[in-house]
J.: 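A single structure is presented below for examination.
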Amino acid sequence: MATLPPMMLILWAIESIVQLCILFLVITKRHFRTLPLFSVYIALLLCQSAFLFFVYSQFGFNSHLARQLSWLSEPLPLTAQALAATELLHRVLRHYAGIWALAWRLIAAAGVLVICYASASAQRTPDWRLMIANRGYHLTFAVALICCLLLVRFYSIPVDPVYKALLGGFCVFSCAAVVANSLLQTLFLGHFPKFSEVWNYLEMVVFLGVQIAWTVALRHSIRVENKPTLLPPSAYDRLSPEVNSRLRALNDVLSKFWKAQVLRP
Amino acid sequence: MNSALFIFLLIVVALLLLLAWALRAPGKSARRKFDLASVEESGRRHATYFALIRQASSPADMEFLARRGSREIALRVRKERRRVALLYLAQLRDDFQRLLRLARAVAALSPAVGSRQELERLWLTLEFSWRYQLIRTGIYYGLLPIPQLSALSHMVSQLAVQMEASMKELGERAAMAVQIASSLDGNGVDVA
């Protein structure tokens, strides 16, 4: 561990303590009942920290093997992150079956789009495959999550502040990871001496901030919401086209209003 | 700065702005989320005031004022006409928003929604918004002449009658659907 900068060791220790606090709150406040996958995600983060601590103490921070092993430890927490975020979205939209179905399609469309981009750019630069895949994952994650949150806002669906904090945190961390990965590539190609440390610090500081925000949010219980009564399935089929045709009519009024002004001699 | 880094920075800034917007507390109007009853509230649809607007902006009045009145009065009248046109636009937007609220409430409370219908509505909303902003800015800054509303009167009068009847009907039907659903469910209806 001697090769690990002291500042990074301190940050790492703080991060582990905060993760333990989150796990403690998840258990004592019984959030694990409603958010089992999120609880697993936090537990996995702690396991990853322990694994990396072992790896760095055995092989050194800068060794090639340690780097390979640290990349290998990434897929599991990343999968857990995606599942935890999906679980949160499902909690928000569970009473709104139609919107949840729409959200799923949106996630799939955003995912396909960004994964295509990520795989195309990874093929162009094979040396940076892992980093580009990681960036692609975080970009997909952030885009899909934000699309769903926009959908939630568009339909004015109420979101508990705890869920808002957790979803917002996931998104901020993924955005930071996208910037950090792009910065790593730029600094490396520019022969910046401590490129790897800058990358690590950026990700660690942002993630620490996110986890502190989660700790604060998880101190509160999640409000129990009444299940709204859904309309019969035929109501949407009858009302929606009619509303759309009225909206089109109003749009036409505005369009003619515009033409009357612009085309006026 | 490397161009890739710059592009990703821009994307991330845009994503964070969208995130902040999506997570901020909803405004007062948005809080009336599932208020289906508001759609059929007793007020007349604003499109029905078109005849009055037409009268207020008659070009004959302006000609008369230019010939017989003072320049000051003509200016004041022009300003008033602009204000009336802007108010009318704002009321058209209110009608649009009300319909949109109904559509969102129906979609949110439906067990299945059609992507095509929702996408069409999103497109109509965007189209209405940019057109509304263009016209409003144009009239406000005097870049566009105050509309010759008489040319539209026939079309809008027709629409006004249809709109008045259909919005009332849609609201009643939506409220009835909620009532039926809640009586089947046996729970209180969470639509207010």
J.: For the pair B/Arg104 (side chain) and A/Phe154 (backbone), establish whether a donor and an acceptor sit closer than 3.5 Å, ignoring hydrogens and angles.
T.: yes

J.: Report the residues that fulfil side chain to side chain donor-acceptor pair (under 3.5 Å) with A/Asn244, sequence neighbours left out, ordered by chain and then residue number.
T.: B/Gln117, B/Glu120, B/Arg121

J.: Starting at CD of A/Glu242, measure out to CG of B/Leu102 and round the result to the nearest 0.5 Å.
T.: 10.0 Å

J.: With chain A as the partner, which of B/Ser110, B/Ala4, B/Pro111 has the greatest number of non-hydrogen pairs under 4.5 Å?
T.: B/Pro111

J.: Once rounded to the nearest 0.5 Å, what's the spacing between atom OH of B/Tyr132 and atom CG of A/Leu250?
T.: 13.0 Å

J.: Using ring pair (Phe, Tyr, Trp, His ring centres under 6.0 Å) as the criterion, list what pairs up with B/Phe8, not counting sequence neighbours.
T.: none

J.: Distance check, rounded to the nearest 0.5 Å: A/Lys164 atom NZ versus B/Leu23 atom CG?
T.: 6.5 Å

J.: Name the region of A/Leu145, side chain, backbone, both or neither, that has any atom closer than 4.5 Å to a heavy atom of chain B.
T.: neither

J.: Under a 4.5 Å heavy-atom cut-off, does chain B meet the side chain of A/Pro161, its backbone, both or neither?
T.: neither

J.: With a 4.5 angstrom heavy-atom cut-off, which part of B/Ile11 approaches chain A: side chain, backbone, both or neither?
T.: side chain

J.: Could you walk me through whether B/Leu109 and A/Tyr236 pass the side chain to side chain contact (heavy atoms under 4.5 Å, CB included) test, one step at a time?
T.: CA-CA 9 Å; B/Leu109 295 174; A/Tyr236 179 84; over 6 Å; no

J.: Which distance, rounded to the nearest 0.5 Å, do you find between the CD1 of A/Ile146 and the CG of B/Leu19?
T.: 5.0 Å

J.: Please rank A/Leu93, A/Val178, A/Leu151 by heavy-atom pairs under 4.5 Å with chain B and give me the top one.
T.: A/Val178

J.: Taking side chain as everything from C-beta outward and backbone as N, CA, C, O, which of these in A/Val179 sits under 4.5 Å from a heavy atom of chain B? Side chain, backbone, both or neither.
T.: both

J.: Give a yes or no on whether the backbone of B/Ala107 and the side-chain of A/Tyr96 come within a donor-acceptor separation of less than 3.5 Å.
T.: no

J.: Donor-acceptor check, side chain of A/Arg153 to backbone of B/Arg24, threshold 3.5 angstrom: yes or no?
T.: yes

J.: Tabulate, in ascending numerical order, the residues of residues 98-108 of chain A having at least one heavy atom closer than 4.5 Å to a heavy atom of chain B, or enter 'none'.
T.: A/Gly98, A/Ile99, A/Leu102, A/Arg105

J.: Could you check whether any side-chain heavy atom of B/Phe128 comes within less than 4.5 Å of a side-chain heavy atom of A/Leu247, counting everything from C-beta outward?
T.: no

J.: For chain B, find which of A/Ser234, A/Ala176, A/Pro241 contributes the most heavy-atom pairs closer than 4.5 angstrom.
T.: A/Pro241

J.: Just how far is it from atom CZ of B/Arg98 to atom CZ of A/Arg246, taken to the nearest 0.5 Å?
T.: 15.5 Å

J.: Quick check: are there more than 12 heavy atoms from other residues, nucleotides or ligands sitting under 6.0 Å from CH2 of B/Trp123?
T.: no

J.: I'd like to check the side chain to side chain donor-acceptor pair (under 3.5 Å) partners of A/Ser182; sequence neighbours left out, ordered by chain and number.
T.: A/Arg135

J.: Looking at B/Ala103, B/Ser115, B/Ala20, which one has more heavy-atom pairs under 4.5 Å with chain A than the rest?
T.: B/Ser115

J.: Answer whether the closest heavy-atom distance between the side chains of B/Val106 and A/Val243 falls below 4.5 Å.
T.: no

